[in-house]
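Data first, discussion second: the structure below is written as structure tokens.
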Amino acid sequence: EAQVTQNPRYLITVTGKKLTVTCSQNMNHEYMSWYRQDPGLGLRQIYYSMNVEVTDKGDVPEGYKVSRKEKRNFPLILESPSPNQTSLYFCASSLSYSMNTEAFFGQGTRLTVV
Amino acid sequence: GENVEQHPSTLSVQEGDSAVIKCTYSDSASNYFPWYKQELGKGPQLIIDIRSNVGEKKDQRIAVTLNKTAKHFSLHITETQPEDSAVYFCAASIYSEYGNKLVFGAGTILRVKS
């Protein structure tokens, strides 16, 4: 089954404790993104990757890092989480960065930073 | 950069009635307009999309219209059913040297009352 898998689904952590949210897709997609969803703000892009070893900032990149060492994986790293990073996070992938094609989303990770 | 505004933020309709959600975008270079449905506890899923060379597209009970001159597009759901209750996001895609980027509206919570 074609899918984007995120882990964990739920996470409560303390301020400053480094964490990683994993994302994996099995569709051989080139393009992958991370979004955060906050009430009244919709989905905002954090980082994106056009292909292996090619990543760039989205609209709200502060406090986040990503890497793309393999085509299928695109982890999101919070080096020193703060309460304002409490949010619902989605990873998404699409076939190519150069074509308008469907974006497939993961199930989401609800992160709470206390 | 691109900005997408979505209205209304919440919409309640009686089962069997129609629902309309409207979006406006700011960048006339946007050329792809998808709509996503997010059910509770799940990631957004594409339900219909339209490209800038088309004015209207239908798929069973859902349709999307695009007015490029006015820079707005709308989602129409006819004969609504309880399973249509969800959050709906519009998006606009603009191409740059960094690829096609989706910018999302803030979302509309649709409640279908039976």
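Chain letters run A, B, ... following the sequence lines, proteins first and then strands; every chain starts at 1.
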So does [Y] get a backbone contact from the side chain of [X], meaning a donor-acceptor N/O pair under 3.5 Å?
X: B:Asn67; Y: B:Ala70; result: yes
X: B:Glu2; Y: B:Ser26; result: yes
X: B:Ser85; Y: B:Val112; result: yes

Is it the side chain or the backbone of [X] that comes within 4.5 Å of chain B heavy atoms, both, or neither?
X: A:Leu41; result: backbone
X: A:Gln45; result: side chain
X: A:Phe104; result: neither
X: A:Ser33; result: neither
X: A:Ala103; result: both
X: A:Asn100; result: both
X: A:Gln37; result: side chain
X: A:Arg9; result: side chain

- Task: Check A:Phe74, A:Tyr47, A:Tyr89, A:Phe105 against A:Tyr35 for a ring-ring contact (aromatic ring centres under 6.0 Å, His included) and give me the one that passes.
- Result: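 Option passing the ring-ring contact (aromatic ring centres under 6.0 Å, His included) with A:Tyr35: A:Phe105.
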
Any salt bridge between [X] and [Y], counting N to O under 4.0 Å?
X: B:Lys101; Y: A:Asp59; value: yes
X: B:Glu15; Y: B:Lys113; value: no
X: B:Lys57; Y: B:Asp49; value: yes

- Message: Report which part of B:Gln6 has an atom under 4.5 Å of a heavy atom belonging to chain A: side chain, backbone, both, or neither.
- Response: neither

- Query: Side chain, backbone, both or neither: which part of B:Pro34 has a non-hydrogen atom closer than 4.5 Å to chain A?
  - Reply: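 Contact with chain A: none, neither part.
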
- Message: How long is the straight-line distance from CZ of B:Phe73 back to OG1 of B:Thr65, given to the nearest 0.5 Å?
- Response: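 Rounded to the nearest 0.5 Å, the OG1-CZ separation comes to 10.0 Å.
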
- Message: Taking every non-hydrogen pair under 4.5 Å, which of B:Ala91, B:Pro44, B:Ser93 racks up the most with chain A?
- Response: B:Pro44

